[in-house]
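The structure appears below as structure tokens.
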Amino acid sequence: MKNHLCRASHAAACLALISIAASACEQPDGKSGNPTSTAATAAAPASIDDIIKARNLTPDEAMAALKVFVPPGKYDEFIMFTSGGHRGSVMMYGIPSMRLLKEIPVFSPDSWQGWGQGETESQHILEDGSWGKGTPTLTWGDLHHPQLSLTNGKYDGEWIAVSDKSAGRVGIISLKDLKTKSIFKTPNMTSDHHALWTDDSEYLIQSAYFPAPFREANGYAGIEEYAAKYRGVASFLKFDRKTGRVVPAESFQMELPPYFQDMSILGRGPSEGLLFINSINTELSTGGTLEKKPAMEVGASQKEMDYLHVINWKKALELSRDKAKVTAVNGINVISLQTAKDDGLIHFVPESKSPHGVDLVPGGEYVVVSGKLDPHVSVYSVAKIKKAISDKTFEGKDEHGIPILKYDACIEAHIPTGLGPLHSVFDADGNGYTSHFLDSTVVKWTIGPPYNTPDKAWKVTDKVSVHYNIGHLQAPGSNTKKPWGKYLVALNKWSVDRYPAMGPLHPQNLQLIDISGPKMVLLSDTPTLGEPHNSMIMPVELLQAWTTYPETGWNAAKMAKSEVATAQGKESIVREGNTVTVHGTVMRSHFTPDIVRVKQGDKVIFHWTNVESARDATHGFGLHGYNVNLSVDPGATESAEVVVTQPGVYPFYCTEFCSALHMEMTGWLLVEPQ
Ligand code: K7E
Ligand code: CUA
């Protein structure tokens with residue numbers, strides 16, 4: 001029944017099916033309900049036809065409503081992890097309901113979860129992930145691309161890596177407790193555009209966005225020395241699956257020309273071992289609008305072609321283990337541009353002007369590039385690229401001596417899809433879907449052999465309007481070996497008139513699209529928080545998160561039993577010089593201890609252990625007058641530290657409404673004057 005509903009697109013068929021659905025929804029006594037009462041659920045139920053009429057829905061809208069409805073208490077089929085952009089977080093939505101399930105803070109503080117506030121462990125994660133050397137602890141980030149970890153090229157439900165375009169960092173989230181475990185500041189990169197996993201999540205691969213003089217000792221070179229001293233970089237960060245951390249000693253980087261390296265994609269199957277990176281600004285424009293130089297947008301759009309970087313990263317990995325081939329710069333081994341060129345690690349392929357998205361078909365045979373200023377999607381054949389490299393079919397070299405492969409020798413297809421193509425995703429049936437920022441559309445097209453026969457290859461087969469100005473789009477498992485298809489989410493930058501006026505700042509708009517049939521069907525609009533760049537969608541069964549921590553006294557940051565955990569009955573307040581340490585427990589509905597006496601000028605360290613094992617029994621520790629609000633989840637030990645410079649009475653209380661006596665779950669921090 002449900003499948004039939006999903007596939008029907010003809011209005012008459014819809015109505016017939018809805019009537020069938022209506023009869024299935026009749027009351028057990030067989031009465032069909034009061035036709036005049038539609039909104040009030042307390043009244044006798046109306047028929048579905050009456051509800052459709054009263055709510056003024058078209059048959060297609062009614063169909064869409066049935067397709068996205070998830071009954072109370074039931075779960076969605078898929079979970080989407082979507083970026084919050086410069087909100088610095090990741091949002092989780094259920095598909096098809098598009099219900100917001102959770103927000104996971106990474107680069108920005110969050111007072112609900114006590115993330116990155118006061119002297120807490122999460123604050124230390126933010127500190128560790130900042131630039132250091134006299135720069136501030138960063139409390140914002142621009143999170144673009146959440147990436148689910150992979151085993152054998154498929155989602156394994158263990159980790160999410162997120163990148164920070166604003167500071168060149170990687171955050172790692174565990175799917176066991178949906179919390180951030182580490183933030184790694186990548187050396188020699190001032191920015192990045194994502195952190196891509198290799199097919200077994202052994203490495204995270206980043207490409208820098210802004211070139212910078214990273215090899216200079218003090219990081220400075222005048223903008224006049226842009227061509228000579230500024231450099232791009234690709235980073236290959238070794239990931240330790242057990243700890244959720246990057247291992248710098250086993251990581252390496254490759255120096256690149258000072259083009260802006262934008263999106264990239266890793267090969268698999270026939271393209272295994274290759275990394276493809278788009279670039280813009282091969283013109284080496286630097287801007288200078290007040291200095292009578294062209295703005296970047298003009299300067300960087302002069303040439304007809306930019307360069308798709310084709311990097312043999314597996315070969316680079318071998319080379320990085322040879323001490324003669326690398327130089328350690330700021331704690332990481334770097335392969336110089338000269339070595340990269342001399343050892344044939346990098347080639348360029350011309351790509352249409354100002355490209356943005358680069359994507360790989362599921363089997364790895366084709367690379368799909370969208371040039372923002374070219375109304376086509378360009379498809380490159382990996383076999384052709386490899387042949388052009390081995391035959392040395394070059395059309396020239398760039399000014400750094402990097403060989404440029406002949407465009408015609410590498411291109412497979414040029415599909416006329418529309419204006420402003422950005423990103424492409426794939427389903428399980430040999431179709432590609434490309435977002436168009438200028439046209440505000442998603443265009444469906446067919447992939448070439450072996451996905452479709454040659455006569456059905458590279459053809460546009462459908463188009464749907466989205467609202468408005470789409471950036472990324474995503475489909476379940478699109479970046480894996482085995483996509484699921486079924487749904488597609490358009491992540492739109494503008495919402496304009498889709499919601500009631502809410503002031504000049506508008507929400508961005510997620511649109512759910514049914515791609516299970518030959519024609520795409522728009523199902524729903526969902527406003528989101530922050531700016532959604534990319535997302536990843538996986539089946540809900542893959543999320544095997546803990547409901548409580550595995551052991552009482554768990555350190556969430558270290559993912560191990562905490563050294564400062566306290567058992568019930570062992571609570572204490574210990575003074576050592578000016579430091580007072582509280583080892584306490586929380587449970588419904590009290591803190592032990594609930595009176596803490598200290599002196600003005602003391603440093604007070606709180607370690608709270610939630611000794612409850614009941615699912616959902618979270619307690620908070622909110623301290624009046626200080627930036628401390630811990631979320632002490634069942635089984636967790638959470639710590640905070642304050643220096644009490646002012647005498648006074650500072651109450652603390654549980655900030656989660658945990659029980660009938662939650663209002664009584666209180667305590668006192670008494671600071672006696674010196
Ligand atoms: Cu197109 Cu950062 Cu992936 Cu935004 S990026 S849209
Ligand atoms: Cu514990 Cu409210």
Side-chain angles (χ1 to χ4, degrees), residues 82-87 112 114 141-147 162-166 168 191-196 206-210 260-265 277-278 280 354-359 368-372 420-425 434-438 440 442 466 468-474 478-479 489-494 508-510 528 530-536 584-592 594 608-612 614 616-622 629-634 636 638 651-667:
T82 191
S83 94
H86 42 292
R87 192 175 165 86
W112 170 43
D142 189 6
L143 192 158
H144 277 226
H145 300 111
Q147 301 280 325
V162 295
S163 55
D164 174 12
K165 187 176 171 187
S166 76
S191 60
D192 66 48
H193 208 154
H194 49 52
L196 287 175
Q206 286 179 300
S207 45
Y209 192 71
F210 282 91
F260 279 51
Q261 280 83 26
D262 194 15
M263 298 287 299
S264 65
I265 201 83
I277 312 178
N278 273 340
I280 58 171
S354 303
H356 183 48
V358 54
D359 297 285
V368 178
V369 171
S370 298
K372 301 186 293 284
L422 290 187
H423 299 286
S424 299
V425 296
T434 301
S435 58
H436 293 77
F437 180 83
L438 295 176
S440 290
V442 171
V466 292
Y468 304 90
N469 303 89
I470 182 174
H472 274 275
L473 72 181
Q474 199 49 266
S478 171
N479 65 325
V489 177
L491 299 99
N492 304 312
K493 304 294 181 190
W494 290 48
Q508 302 206 10
N509 193 25
L510 307 180
T528 186
E531 176 169 9
H533 288 270
N534 206 354
S535 65
M536 297 260 126
T585 59
V586 294
M587 62 183 295
R588 277 164 288 174
S589 305
H590 56 271
F591 292 92
T592 308
D594 56 1
W608 294 110
T609 299
N610 183 340
V611 294
E612 305 233 28
D616 207 3
T618 290
H619 299 285
F621 171 67
N629 176 38
L630 301 176
S631 180
V632 196
D633 305 340
E638 294 287 344
F652 57 85
Y653 71 107
C654 172
T655 43
E656 285 279 334
F657 206 116
C658 55
S659 63
L661 295 172
H662 154 81
M663 300 305 289
E664 285 77 0
M665 192 166 172
T666 57

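Small disclaimer: the values here were computed from a predicted structure and weren't measured. Whatever order the structure lists ligands and atoms in, that order sets their numbers, starting from 1.
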Practice task
Inspect the surroundings of CG in Asp594 and state if more than 12 heavy atoms from other residues, nucleotides or ligands are less than 6.0 Å away.
Solution key: yes

Fill in the blank from the handout: Which atom of His619 is nearest atom 1 (Cu) of ligand 2, counting N, O or S only? It is ND1

Problem - Distance in Å, Asp262 CG paired with His193 NE2, rounded so as to fall on 0.5 Å steps - result: 5.5 Å

Exercise for the section: Determine, for Phe437 and Lys493, whether the Lys NZ or Arg CZ falls below 6.0 Å from the six-membered ring centre while staying within 45 degrees of the axis. Expected result: no

Handout entry: For ligand 1, the portion of Lys165 having any non-hydrogen atom under 4.0 Å away
Key = neither

Fill in the blank from the handout: Here the pair of heavy atoms bringing Glu664 nearest to Ala660 is OE1-O, 4.3 Å

Practice task
Would you give the length of the straight line joining atom OG1 of Thr528 to atom CG of Leu491, rounded to the nearest 0.5 angstrom?
Solution key: 8.0 Å

Handout entry: Ligand-residue contact atoms, ligand 1 with Met263, heavy atoms, under 4.0 Å
Key = 3 (Cu)

Completion exercise
ligand 1 atoms nearer than 4.0 angstrom to some heavy atom of His144 are 2 (Cu), 4 (Cu), 5 (S)

Practice task
Look at atom 3 (Cu) of ligand 1 and find which of His194, His533, His145 reaches it with the closest heavy atom.
Solution key: His145

Completion exercise
Which atom of His662 is nearest atom 2 (Cu) of ligand 2, counting N, O or S only? It is ND1

Handout entry: For His193, atoms of ligand 1 separated by under 4.0 Å from a heavy atom
Key = 2 (Cu), 3 (Cu), 5 (S)

Problem - Residues His472 and His145: side-chain donor-acceptor under 3.5 angstrom - result: yes

Completion exercise
ligand 1 to Lys493, heavy atom cutoff 4.0 Å, flagged ligand atoms 4 (Cu), 6 (S)

Exercise for the section: Would you indicate whether Tyr468, at its atom OH, is surrounded by more than 12 heavy atoms from other residues, nucleotides or ligands within a distance under 6.0 Å? Expected result: yes

Practice task
Kindly check if the number of other-residue, nucleotide or ligand heavy atoms within 6.0 Å of NE2 (His86) is above 12?
Solution key: no

Exercise for the section: May I ask you to identify the nearest protein heavy atom to atom 1 (Cu) of ligand 1, giving residue, atom name and distance to one decimal place in Å? Expected result: His356 NE2, 2.2 Å

Fill in the blank from the handout: The angle formed at atom 1 (Cu) of ligand 2 by SD of Met665 and SG of Cys658 is about (to 10 degrees) 110°

Exercise for the section: Output the atom name for the N/O/S atom of Glu656 with the smallest distance to atom 2 (Cu) of ligand 2. Expected result: O

